[in-house]
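Mind having a look at this structure? Questions to follow.
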Amino acid sequence: MAPHRSDLWEREDTPPETTPAAPPVPPAPAADAVVLPAIKDAVASGVITGLLLLPLVGFRATESGSGPLTLTYRFGLVAVFALLVAGLRLVLNLTLWRPGRKIRDNRSAGLAALSAKVAPAARPAFFALALLYPLLAVTLSGGLSPSRYWVDLGIYILTYVMLGWGLNIVVGLAGLLDLGYVAFYAVGAYTFALLSTSVPLNAFFDAHVAEGFWASWSFFVCLPMAGILAALWGVILGFPVLRLRGDYLAIVTLAFGEIIRLVLINWVSLTNGGAGISSVPAITFFGVPFNGNDDGFAARFGLDYDSMHRMIFLYFIILGLAALTALVTIRLRKMPVGRAWEALREDEIACRSLGINTTLTKLTAFATGAMFGGFAGAFFAVRVRFVSPESFTFMESAVILAIVVLGGMGSQMGVAAAAILLIGGMEMLRNLSFLKASFLFGPDFDPSLYRMLIFGFAMVAVMVWRPRGLVANRMPTIFLKQRKAVSGALVKEGHG
Amino acid sequence: MAAASFTPKVPKSWDRDPLLKVDHLSMRFGGLVAVGDVSFRAGRGEVTAVIGPNGAGKTTVFNCITGFYKPSTGRLALMQGGPATMAELDALTAGGRAWAKTAAGATYLLERLPDHKVSSRAKVARTFQNIRLFSGMTVLENLLVAQHMSLTQAGLINPVALLNLPSWRRKQKAALELALYWLDKIGLTARADDPAGDLPYGDQRRLEIARAMCTQPVLLCLDEPAAGLNPRESHELNTLLRAIRTEHQTSILLIEHDMSVVMEISDHVVVLEYGRKIADGAPGDVRNDPKVIASYLGVEDEAEAVAVTGVPA
Ligand SMILES: Nc1ncnc2c1ncn2[C@@H]1O[C@H](COP(=O)(O)OP(=O)(O)OP(=O)(O)O)[C@@H](O)[C@H]1O
Ligand SMILES: [Mg+2]
């Protein structure tokens, strides 16, 4: 080994080069040089598509009655596909993929400037809209009963907003990839369902407090308990798991989510297995039941009884819970623990060199996220009044994670927008019956079959367009003179 | 060994009042002995430089001191307040504990502490050979994260902080003031609100030092702080390090290849080669040590050439 330090500048700690000057833009090629290759490329793609589809689409074996298979030929369809590919490719070659086409950087810069202007107003606007939403739903749909669908949709979306904000603490801030978040949702839901339907508890409160006390107050008593128990499970899971990094953490959390579900299915004596727990007591207006009796909510407040009162109250409960999640997170981000979460996402080793106990810090992130998951779970149980393991499949975890990733950068507004887009969008795709119009696909077409496909395409498109999520920059938690957004390119994703 | 045969007439300052005592430190990775039986002392209030060719084991020594590696063998005693007596040190070593109060202060056996406690309890801070800033956080945030431990003495999720009560705001303000003090020291006040990852390289190096200083350490370990700096930045770094030593109760342990930095600011130089210590003494002595000249520096003038130009003669 050479005793000399040979080259100072070829080491891994070499300073990054200053951004190289943009390469000189080549002069736009002459039209011939563009159009000819474009046509060639389009024809080639068309031919390849035709050849590929010939065996796949061109021949079709159908059963004629109960008889033998007959072969039908669909060469026309193949030609249509091939022409479609060739045509699209030609268009792309001449527009987006045109060589020498100047890419406008200022568009993203303009977008960033715009979002910086809009950002401060986004939060108040969102909450104002959320507060007014039931009123809007009732007036626009013309009455309490017709607004049921819309209020229900609002509750549904807000539940996911809350779940997204909860998971955002773990994934967005602390950078820990958790694929089993639904487990905490389940713990919360079952905590409430089991406690509120417990016969001994009912008997105890009937005897010692008041008749029917437990049925009317159980939600408000169990809500904190659901959160605490979920947080406890977060700690129990976190202890062995948080020393794992990246993919391993993801796999173990995924397994944990499945284990919880399987326990719920198999521990029949406690959870009633796959049949679930029904007759969970309905929510009350702080002890006043929503029913048509004389001591019911409507009678007490001089209103005509309507089952929508309960729905609207549920809406405000979930709005309050979501707001609590948001406010606590905002506060935590400004506290040492929140800064440590983000620092952990940026560089775990540097954190340890500064004295931060990374295991403990990760655990608090896990437990805090789990707690909000537990709250949401209790809410779910009181809304649906029925819990079963079916509601807590991996699909739920995946959807919540998709919301967080689509939202981007631990941004709360991003997550809220993603939840509205994802959950609302998925719901809106149910209303595709206009596609049945005779000039489009005809009455035989079943649009609901294509719901997930369209949804998948939309997700891919959004992630291509905004790879770091809808809100691609991070807002600092403190500033001296001016709050400047940190570009997403500098912010790490963590997962370790 | 050369160092062992070299017996000083007057005891050296780092022997009289050591802050850090490294005894028989070895670190093996499988069959590779990255550090073999290295012993040295770092004096209180002094700048101690660890030098040596690439792969000599300098960073490994740092990783052992700061708890990132568990040494295969050896004792790393950090003596806060004042030197521990031989008896105190032996008692602590024989017992199972990681630290003990001594007559002069407290002594920590760093090899028994996990990395984060080396920083939070023993008060040893470090920087990294490859800068490790929180690049997506602002300069100011970086300096506040460094004060995590002093801000969370009352618990990680502290209701006083959650409710933003006045007592918490006072604490927060003090933390901000310390951050601003260091920002001013490294000349980055104007860039406080910029992401750390956007700073030029030299500024990032200084910010990393400031961040380490925000933990208010007794010992600051710097792994090649001048690597990749231009002469002007290198000079600024010297000024900063001298200020840290004179104005704060912080001793410095420094790995450096740049001889101009080493010779200018260090009080004591330890030379490693192939994981072993080959020399240990005042900068002037080490520079003239034939062993060092032969194995590391080459011809004296050439050493300067390597350090300054980065091109071997
Ligand atoms: N984690 C590790 N696992 C295995 N080998 C290691 C590890 N860390 C260091 N080494 C080896 O130990 C030896 C000393 O490495 P070290 O990084 O301490 O050298 P150094 O003196 O800091 O060199 P440089 O000047 O290049 O930074 C090298 O041979 C290195 O490959
Ligand atoms: Mg090194």
Side-chain angles (χ1 to χ4, degrees), chain A residues 1-16 18 328 331-332 334-337 339-340 342-361 363-364 367-368 409 473-474 476-492, chain B residues 53-55 66-68 115-117 119-121 125-138 140-141 144-149 151-152 156-158 161-162 164 176 180 189 192-198 200-202 211-212 215 224 227-228 257 273 295-296 298 306 310-312:
Chain A
M1 195 184 89
H4 287 299
R5 171 154 205 234
S6 56
D7 193 348
L8 190 80
W9 296 101
E10 268 180 21
R11 299 159 49 79
E12 49 178 351
D13 55 354
T14 305
T18 46
V328 170
R331 196 58 220 133
L332 285 173
K334 295 190 172 158
M335 279 166 53
V337 66
R339 294 213 179 97
E342 292 200 69
L344 208 63
R345 179 192 65 203
E346 296 286 319
D347 194 326
E348 184 174 344
I349 291 186
C351 279
R352 285 194 266 149
S353 83
L354 297 173
I356 297 173
N357 183 341
T358 50
T359 314
L360 200 66
T361 310
L363 266 184
T364 53
T368 314
M409 290 302 132
N473 44 38
R474 171 185 175 271
T477 57
I478 190 169
F479 62 96
L480 202 58
K481 294 193 190 72
Q482 186 196 357
R483 191 187 294 275
K484 300 180 203 166
V486 177
S487 139
L490 291 170
V491 180
K492 304 245 174 36
Chain B
N54 287 154
T66 50
F68 282 87
D115 44 19
H116 64 270
K117 284 200 177 157
S119 169
S120 60
R121 301 288 303 280
R126 73 170 291 178
T127 66
F128 295 88
Q129 192 165 350
N130 312 303
I131 300 178
R132 284 184 176 275
L133 285 171
F134 306 123
S135 56
M137 302 174 85
T138 65
L140 187 59
E141 283 178 311
L144 288 175
V145 171
Q147 299 178 56
H148 180 87
M149 291 321 289
L151 287 172
T152 54
L156 210 49
I157 296 192
N158 175 359
L162 204 57
N164 205 8
L176 192 61
L180 291 181
T189 311
D193 297 327
D194 289 334
D198 261 355
Y201 191 74
R211 187 181 67 179
T215 65
E224 303 200 17
H257 281 290
E273 190 198 33
S295 70
Y296 176 58
V306 171
V311 178

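Computed from a predicted structure; not experimentally measured. Naming convention: chains lettered A, B, ... in sequence-line order (proteins, then strands); numbering from 1 in each chain.
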* To do: Go through the structure and list residues passing side chain to side chain donor-acceptor pair (under 3.5 Å) with B/Arg126, not counting sequence neighbours.
  => B/Asn63, B/Thr66
* Heavy-atom pair of closest approach, residues B/Ser135 and A/Leu490 -> OG-O, 3.3 Å
* To do: Please determine, among B/Lys117, B/Arg132, B/Arg121, the option with the most heavy-atom pairs under 4.5 Å with chain A.
  => B/Arg132
* For chain B, find which of A/Ile356, A/Val328, A/Leu332 contributes the most heavy-atom pairs closer than 4.5 angstrom. => A/Ile356
* Is it the backbone or the side chain of A/Ser353 that comes under 4.5 Å from a heavy atom of chain B, or both, or neither? -> both
* **A/Ile349 and B/Asp115, any side-chain heavy atoms less than 4.5 Å apart** => no
* Structure fact -> So CZ of A/Arg345 and CZ of B/Phe134: to nearest 0.5 Å the spacing works out to 11.0 Å
* **Interface moiety of B/Ala192 toward chain A, non-hydrogen atoms closer than 4.5 Å** => side chain
* Between B/Arg211, B/His116, B/Met149, which is the residue that forms a side chain to side chain contact (heavy atoms under 4.5 Å, CB included) with A/Leu354? -> B/Arg211
* Asked: Counting distance only, does the side-chain N/O of A/Asp347 pair as donor-acceptor with the main-chain N or O of B/Leu133 below 3.5 Å?
  -> no
* Partner set under side chain to side chain donor-acceptor pair (under 3.5 Å) for B/Asp194, not counting sequence neighbours -> A/Lys484, B/Arg191
* Structure fact -> Pair count under 4.5 Å, heavy atoms only, with chain A: among B/Thr215, B/Leu144, B/Thr127, highest is B/Leu144
* To do: Find the distance between CD (B/Glu141) and CZ (A/Arg474) and round it off to the nearest 0.5 Å.
  => 4.0 Å
* **Region of A/Arg339 that comes under 4.5 Å of a non-hydrogen atom in chain B** => both
* Asked: Is any side-chain heavy atom of A/Phe479 less than 4.5 Å from a side-chain heavy atom of B/Thr138?
  -> no
* Roughly how far apart are A/Arg331 CZ and B/Asn164 CG, rounded to 0.5 Å? -> 4.0 Å
* Contacting region of A/Ser487 [heavy-atom separation from chain B under 4.5 Å] -> neither
